[in-house]
Protein chains: 4
Amino acid sequence: MSRKTELRRKQIIKAAYQAVSDKGYETVTLQDIANYADVSKGVPNYYFQNKEDVLAHLLEEITERIYQKEKAAVENETSFQEMLQAYINAVFVNPEDNEKFYKVYLDFLAQATRNERYRKINARFYQNCFSISQLIIMRGESEGLLHSMNYDDDGKAMRSLIDGYMIQWLMTGDHQKHRTYKESCLKAIQTYLTS
Amino acid sequence: MSRKTELRRKQIIKAAYQAVSDKGYETVTLQDIANYADVSKGVPNYYFQNKEDVLAHLLEEITERIYQKEKAAVENETSFQEMLQAYINAVFVNPEDNEKFYKVYLDFLAQATRNERYRKINARFYQNCFSISQLIIMRGESEGLLHSMNYDDDGKAMRSLIDGYMIQWLMTGDHQKHRTYKESCLKAIQTYLTS
Amino acid sequence: MSRKTELRRKQIIKAAYQAVSDKGYETVTLQDIANYADVSKGVPNYYFQNKEDVLAHLLEEITERIYQKEKAAVENETSFQEMLQAYINAVFVNPEDNEKFYKVYLDFLAQATRNERYRKINARFYQNCFSISQLIIMRGESEGLLHSMNYDDDGKAMRSLIDGYMIQWLMTGDHQKHRTYKESCLKAIQTYLTS
Amino acid sequence: MSRKTELRRKQIIKAAYQAVSDKGYETVTLQDIANYADVSKGVPNYYFQNKEDVLAHLLEEITERIYQKEKAAVENETSFQEMLQAYINAVFVNPEDNEKFYKVYLDFLAQATRNERYRKINARFYQNCFSISQLIIMRGESEGLLHSMNYDDDGKAMRSLIDGYMIQWLMTGDHQKHRTYKESCLKAIQTYLTS
DNA sequence: CATGAATGAGCTTTCATTCAT
DNA sequence: TATGAATGAAAGCTCATTCAT
């Protein structure tokens with residue numbers, strides 16, 4: 001794939017991200033995506049097989065990017081508490097970005113129940129998230145602050161608390177409450193881990 | 001509304017439940033719903049204002065029914081442990097029903113980010129779920145097994161763990177794993193509450 | 001046809017008149033007509049063959065009634081001037097009634113271009129109108145005020161001036177202008193006849 | 001708008017003209033229009049906002065074209081009699097064209113009673129027609145053949161006679177009678193003007 | 001007689017996709 | 001490469017008509 005092609009695809013995926021966030025997975029049209037990307041109607045179909053292909057690449061892109069960011073944030077810290085805080089900071093980054101991401105991510109989760117391709121992409125994302133959790137938990141253990149029975153279970157629990165709190169926050173539709181849900185989520189994870 | 005009308009509406013909503021579960025919120029057509037209900041194309045439109053109206057009633061119906069079942073299950077028990085177990089039993093009732101419900105529920109959550117009506121229905125559902133959690137927690141407190149700092153926070157955490165585990169299970173696409181996720185979820189809640 | 005049937009049909013036609021005036025010939029539904037008549041949806045179909053049959057009877061009814069009224073008004077007078085004035089008074093009776101009638105009548109004229117049945121009903125109406133014109137003109141001749149070359153031509157001209165002015169007035173959408181158009185129409189007819 | 005787009009729109013409007021004339025304003029479908037234009041179903045919606053938009057452009061187009069033709073015909077003549085005759089020739093051009101135009105025009109008049117947009121287009125058409133009448137009348141005055149009290153009133157009367165005779169002719173459904181109605185109309189206008 | 005539930009044809013409109021330019 | 005005109009499938013919705021009650 002040429003450099004130019006690469007760029008075009010990125011441009012379209014970025015536009016698709018904004019478009020899906022604004023209009024919703026099923027409601028968004030290729031025309032919308034083209035408009036957001038400031039290209040003509042035919043371009044998305046030229047650089048991707050079809051609409052679903054654009055959206056699958058979007059899901060891959062955003063889950064991978066989120067993972068890289070969170071991983072980097074956590075790896076930058078040394079103590080358990082700092083790592084956990086850094087993780088939560090990276091997850092609950094700010095109301096605007098979180099709303100954008102979780103609107104789209106929820107759309108994809110809903111689709112994934114009936115779409116193998118999306119389910120696979122999400123499975124990889126889950127694995128990546130679990131690996132971050134494990135990093136934090138292992139550090140907590142080495143500091144003697146906690147004792148995990150099962151990294152996998154704890155990863156699932158942490159993922160549940162993060163997704164669950166984020167969805168509940170999203171449903172309030174209130175950006176002001178972002179800080180509160182973030183703090184509650186952190187506290188819940190701490191409570192769970194250091195029991 | 002006459003008794004017969006009532007029945008017809010129930011029938012259509014039931015058909016819509018199966019149809020949405022099979023095809024997805026946006027993909028399902030009124031024709032699908034009519035087919036599943038074994039009635040003609042015009043009937044859903046006769047008994048409801050439009051497609052969205054059918055689906056909003058579906059969301060109301062399923063969230064209310066789930067709540068009533070879970071509440072009844074919990075109220076039937078006396079000890080904290082039994083109540084919690086009964087709750088989890090009612091939530092993780094069996095792979096088939098859980099898949100059906102959560103496929104549809106996830107669809108609605110995804111829609112709710114852009115639809116006030118759905119968001120309101122979901123807010124009521126959340127409140128109802130929180131009230132069940134509170135019932136269980138208060139019993140745990142009276143038994144001296146735990147000490148809640150904040151019923152609201154604990155309700156959110158329990159909801160997060162339940163939704164989170166259920167979504168993760170759904171994403172495996174594996175009915176066999178239902179039992180494992182159920183047990184993990186129960187353990188996570190216990191860990192969280194009795195810390 | 002029984003007395004009751006007769007009444008029901010009148011009731012439906014009256015409702016249809018109002019309904020068509022409000023909604024338009026093609027836009028009006030049998031449900032509308034039933035609503036206006038305060039009967040159930042099935043009634044119009046019970047008393048008439050189908051929708052077109054209702055509307056054809058409506059056209060017959062309103063053209064016949066208008067003719068009878070105008071004829072009576074003219075026959076009540078003795079001089080040419082009084083007869084003409086009475087005719088115009090009966091035609092331009094008031095803004096509300098004229099709007100109602102001409103909205104519906106225009107709808108039927110438009111339909112009549114493609115509907116033999118309506119065209120026939122309108123042909124009878126024209127004949128009736130011409131007979132009124134003839135009555136007036138003959139009186140004018142016997143008073144020595146005018147000299148018709150051809151009753152038929154003059155009838156057509158009078159009909160043209162009445163329909164034309166009425167349509168132009170209707171297009172203004174202004175009830176205030178009713179009086180002006182009425183006077184202009186009268187003057188135009190006088191000018192035409194007494195040339 | 002590109003030249004090609006312009007042409008396509010003209011093509012669709014022309015097809016719509018024939019289609020409406022054949023089937024009627026409300027009865028005609030976008031499919032009909034597409035068929036008459038020998039394009040696919042989606043094309044009319046591609047070039048116009050919706051069905052009403054197509055039809056409004058049609059009304060604008062045909063009223064403007066008729067006006068331009070009539071104006072040109074009148075301006076080509078020098079004497080009052082010639083101008084009037086040219087006008088009537090341009091109005092009563094031939095049975096086929098007149099039937100086509102007046103079928104459609106009557107449809108629009110009927111719609112206009114409930115549609116502001118159409119009413120405005122027709123109001124402009126009326127103004128244009130009045131301006132032609134004025135041209136003729138002023139010439140008649142300068143030749144000393146007649147004396148108008150009020151250009152506006154005379155314009156309305158001429159319009160009434162033209163529309164009225166045309167409608168009456170249309171209702172006969174008889175192309176043979178076209179010549180007779182044309183002559184009668186001309187005579188009626190002459191009688192009216194030179195009284 | 002009267003009701004209104006039910007049917008299904010038929011409409012407008014949207015939009016992914018194709019393809020000539 | 002890029003465009004956007006064109007296609008036509010498929011959707012939601014309306015409503016005349018039928019008919020069991």
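A, B, ... follow the sequence lines: proteins, then strands. Residue 1 opens every chain. In this text the structure is predicted, and so the values were computed from the model without any measurement.
Looking at residues two or more places apart in sequence or on another chain, you find a salt bridge (charged side-chain N to carboxylate O under 4.0 Å, His left out) between R119(D) and E116(D).
Taking the charged nitrogens against the carboxylate oxygens, R117(D) and D53(D) do have a contact shorter than 4.0 Å, which makes a salt bridge. A salt bridge links R124(D) with E60(D): the distance from a Lys NZ or Arg NE/NH1/NH2 to an Asp or Glu carboxylate oxygen falls below 4.0 Å.
Listed for the Q11(D) side chain is a donor-acceptor partner under 3.5 Å among the backbone atoms of A37(D).
The CD atom of E6(B) sits 13 Å away from the P atom of dA5(E) (whole-angstrom rounding). Between the CD atom of E26(C) and the P atom of dC11(E) there is a distance of 12 Å, given to the nearest Å. For F48(D) and dA6(F), the CZ to C1' distance is 16 Å, given to the nearest whole Å. Atom pair L7(C):CG and dA2(E):C1' shows a separation of 16 Å (rounding to whole Å applied). Rounded to an integer number of Å, the gap from CZ of R9(D) to C1' of dA6(F) is 16 Å. Protein atom OH of Y25(D) is 13 Å distant from nucleotide atom C1' of dT12(E), rounded to whole Å. dT12(E) atom P lies 21 Å from atom OH of Y46(D), rounded to whole Å. One can place CD of Q31(D) at 16 Å from C1' of dA11(F), the figure rounded to the nearest angstrom.
A ring-centre distance under 6.0 Å is not found for F108(D) and F101(D). Two rings, from Y17(C) and Y36(C), have their centers 6.0 Å or more apart.
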Any protein N or O atoms within reach of nucleotides 17-21 of chain F? Criterion: under 3.5 Å, listing atom names and distances.
| unit_1 | atom_1 | unit_2 | atom_2 | d |
| --- | --- | --- | --- | --- |
| dT17(F) | OP2 | K51(C) | N | 3.0 |
| dT17(F) | O4 | K41(C) | NZ | 2.4 |

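Listed nucleotides: dT7(F), dA2(E), dC1(E). Nearest to the side chain of S40(C): dA2(E). Counting only heavy atoms from C-beta on, K4(C) has its side chain closest to dC1(E) among dG4(E), dA6(F), dC1(E).
Positionally, the nearest nucleotide of DNA chain E for Y47(C) lies more toward the 5' end than for the other of Y47(C) and T5(B). DNA chain F is contacted by both D38(D) and T27(C); D38(D) maps to the nucleotide lying nearer its 5′ end (nearest heavy atom per residue).
Of all heavy-atom pairs spanning A19(D) and V28(D), the tightest one is CB-CG2, 3.5 Å. H57(B) and I13(B) make their closest contact through CB-CD1, 3.7 Å (heavy atoms, listed as atom of the first residue, atom of the second, distance).
Under 3.5 Å, the side chains of Y25(A) and Y118(A) contain a donor-acceptor pair of N or O atoms.
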Review point. Please, what dot-bracket string fits DNA chain F when only Watson-Crick and G-U pairs with both distances under 3.5 Å count, crossing ones use [ ] and pairs to another strand use |?
Key: .||||||||||||||||||||
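Nucleic acid contact class of V54(A) (heavy atoms, under 4.0 Å, all strands): none.
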